Asker: 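I'd like to ask you about the structure that follows.
Residue numbers start at 1 and run along the sequence shown. Model, not experiment: these values are computed from the prediction.
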Amino acid sequence: MDAATCEVKPPRTWRSVPVVLTTVAIGVLVATMLWSATRSSSAGLVGVDVALAMAALALVPVVVRRPQIGGVLAGLLVALSPVATPVASFAVLFIARNRPFRQAAAVAAVGVAGEAVQAFWRPVPSLPYGWRLVLMMIAYAALLGWGTWAQARNALLAALRDRARRAEQEQERRVDEARAAERSRIAREMHDVLAHRLSLLAAAAGAVEYRPDAPPERLSAAAGVIRASAHHALDELREVITLLRSDDTESPTDAPPGQTLADLPRLVDEARAAGQQIEVDDPFGPPVEIPPTVGRTAYRIAQEALTNARKHAAGQPVRLVLGGAPGAGLSIAVSNPTTPDGGATVSAGTGLIGLAERAALTGGRVAHHVDATGRFHLTAWLPWPT
């Protein structure tokens with residue numbers, strides 16, 4: 001026999017505690033009514049009232065567990081003796097608090113009918129029959145209304161608690177989405193920085209590895225590229241961390257130095273130093289005023305395009321064309337021939353997906369395709385406000 005089989009269930013006697021307490025409380029009221037009834041009743045009815053009082057008390061657990069049955073029986077006992085009135089009143093209040101209104105109204109009608117019968121054959125000399133019936137109807141209506149109000153209040157509190165729980169769950173969901181978005185943003189920034197720098201390092205290291213007989217000045221230039229790329233990689237990683245810690249993406253100070261369109265010549269020079277052939281068609285000439293977010297996005301697009309060309313079309317010339325004007329938008333076009341083993345360029349990799357997401361955040365778009373001649377094209381358009 002395992003532990004699950006030997007597990008002892010907790011005692012269930014605690015569930016009967018409210019019933020016992022209710023029975024005791026109503027018993028006090030019944031005893032009071034019995035004492036009052038025996039003083040005004042004949043000797044022959046005393047025994048009947050005592051028996052009915054005990055029967056009424058026995059109905060309290062029935063009212064709790066089977067409200068309609070217990071309430072109707074209590075209303076019938078009311079027709080015989082006033083000692084059952086506390087139990088009948090309790091039944092109306094209990095049903096009104098926990099069951100539909102029509103059930104409580106039916107039990108209240110039975111109770112009023114019982115009171116009418118009782119008042120007819122056991123009258124109170126000081127209280128006319130009509131007034132007694134009106135007072136009992138008002139009492140039962142008050143119990144019915146009180147119980148219905150309590151049920152509506154409990155339902156409202158339950159709805160508010162459920163709404164609060166749903167609001168907490170929604171808040172947790174939004175926090176999780178924000179964390180996921182932040183992780184995507186970090187991954188995109190790290191990819192943009194590391195992919196470019198590591199590709200430069202790989203190109204320079206490959207030149208040293210495959211041409212060990214190169215002139216010393218060529219080897220020294222390759223070593224300089226490796227050193228400079230490693231140094232810039234550390235700087236750009238620090239800039240990425242600064243960018244991620246900033247909450248205002250539209251602030252001019254949010255654009256890290258060295259990652260805007262004005263720094264495109266430095267990016268091209270670094271790629272050329274690593275042996276990449278690049279033709280640039282830049283009609284802007286001197287740096288122009290471009291919003292920081294657009295400039296940073298344009299820089300990242302050009303950086304990713306050059307990095308992909310080095311990885312998937314090594315040794316092939318690359319053409320970079322810039323165009324546009326304030327109000328018309330900024331266009332970027334990068335193309336290069338593909339190589340037989342550069343099929344990875346054709347598919348949308350992580351870098352291209354990240355570029356599309358980055359451009360969409362600024363209101364722009366990115367597209368790429370391979371034409372019939374096997375030349376890869378990447379085009380982007382970014383908004384350029386006037």
Side-chain angles (χ1 to χ4, degrees), residues 177-178 180-197 199 236 239-240 243-244 246-252 254-268 271 278 280-284 287-312 318-336 344-371 375-386:
E177 290 180 352
E182 186 65 15
R183 286 194 294 268
S184 298
R185 187 184 183 193
I186 293 174
R188 186 166 56 245
E189 292 290 340
M190 293 302 181
H191 175 274
D192 292 343
V193 171
L194 293 181
H196 170 65
R197 292 301 171 186
S199 65
E236 291 183 350
E239 294 167 359
V240 167
L243 173 63
L244 294 177
S246 176
D247 294 331
D248 184 10
T249 57
E250 299 298 331
S251 174
D254 188 34
Q259 293 185 359
T260 61
L261 191 61
D263 295 280
L264 184 61
R266 180 175 63 86
L267 176 68
V268 174
I278 304 176
V280 180
D281 185 359
D282 183 2
F284 298 132
V288 294
E289 291 294 333
I290 295 179
T293 303
V294 176
R296 182 168 58 253
T297 303
Y299 179 90
R300 290 301 191 194
I301 291 174
Q303 184 184 62
E304 179 66 20
L306 297 180
T307 301
N308 283 341
R310 281 195 300 271
K311 291 192 298 183
H312 305 300
V318 181
R319 177 174 174 80
L320 172 62
V321 180
L322 300 177
L330 175 66
S331 62
I332 305 171
V334 183
S335 62
N336 60 269
T345 311
V346 179
S347 62
T350 304
L352 295 179
I353 294 175
L355 288 185
E357 294 175 351
R358 183 188 293 274
L361 291 177
T362 62
R365 56 184 180 271
V366 173
H368 59 86
H369 69 280
V370 178
D371 60 20
R375 188 174 183 84
F376 177 78
H377 296 268
L378 185 146
T379 57
W381 180 88
L382 301 174
W384 186 354
T386 56

Asker: In Å, rounded to the nearest 0.5 Å, how long is the span from OG of Ser335 to NE2 of His368?
Answerer: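 So the gap between those two atoms works out to 15.0 Å.
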
Asker: Work out which heavy atom in Arg375 is nearest to a heavy atom in Asn336; give both atom names and the distance.
Answerer: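 For Arg375 versus Asn336, the nearest heavy atoms are CG-O, 3.5 Å.
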
Asker: Do the side chains of Leu320 and Ile332 get nearer than 4.5 Å, heavy atoms only?
Answerer: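 A side-chain contact exists here, since the closest heavy-atom pair is under 4.5 Å.
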
Asker: Which atom pair, heavy atoms only, marks the closest approach of Trp381 to Gly329?
Answerer: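 Trp381 and Gly329 have their closest heavy atoms at NE1-CA, 3.5 Å.
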
Asker: So which atom in Ala298 and which in Leu261 form the shortest heavy-atom distance, rounded to 0.1 Å?
Answerer: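 For Ala298 and Leu261, the tightest heavy-atom pair comes out as CB-CD1, 3.9 Å.
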
Asker: How close do Val366 and Leu355 get, counting heavy atoms only, and between which atoms?
Answerer: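 Scanning both residues, the minimum pair turns out to be CG2-O, 3.9 Å.
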
Asker: Rounded to the nearest 0.5 Å, what separation is found between the CD1 atom of Ile278 and the CG atom of Leu306?
Answerer: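 Going from CD1 on Ile278 over to CG on Leu306, the span is 4.5 Å.
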
Asker: How close do Val321 and Arg319 get, counting heavy atoms only, and between which atoms?
Answerer: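 Result for this residue pair: CG2-NE, 3.5 Å.
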
Asker: Could you tell me which non-hydrogen atom of Gly323 sits nearest to which non-hydrogen atom of Leu330, and how far apart they are?
Answerer: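 Here Gly323 and Leu330 meet closest at O-CD1, 3.3 Å.
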
Asker: Is the closest side-chain donor-acceptor distance between Arg358 and Thr297 under 3.5 Å?
Answerer: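 Result is no, nothing qualifies.
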
Asker: Using side-chain heavy atoms (C-beta onward) and a distance below 4.5 Å, is Leu264 in contact with Leu322?
Answerer: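 The answer is yes; the side chains approach within 4.5 Å.
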
Asker: Would you say that Leu378 contacts Ile301 through its side chain, given a criterion of any heavy-atom pair below 4.5 Å between the two side chains?
Answerer: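 Leu378 reaches Ile301 side chain to side chain.
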
Asker: Could you please spell out the steps behind the side-chain contact (heavy atoms from CB on, under 4.5 Å) verdict for Thr260 and Tyr299?
Answerer: CA-CA 5 Å; Thr260 61; Tyr299 179 90; 5.6 Å; no

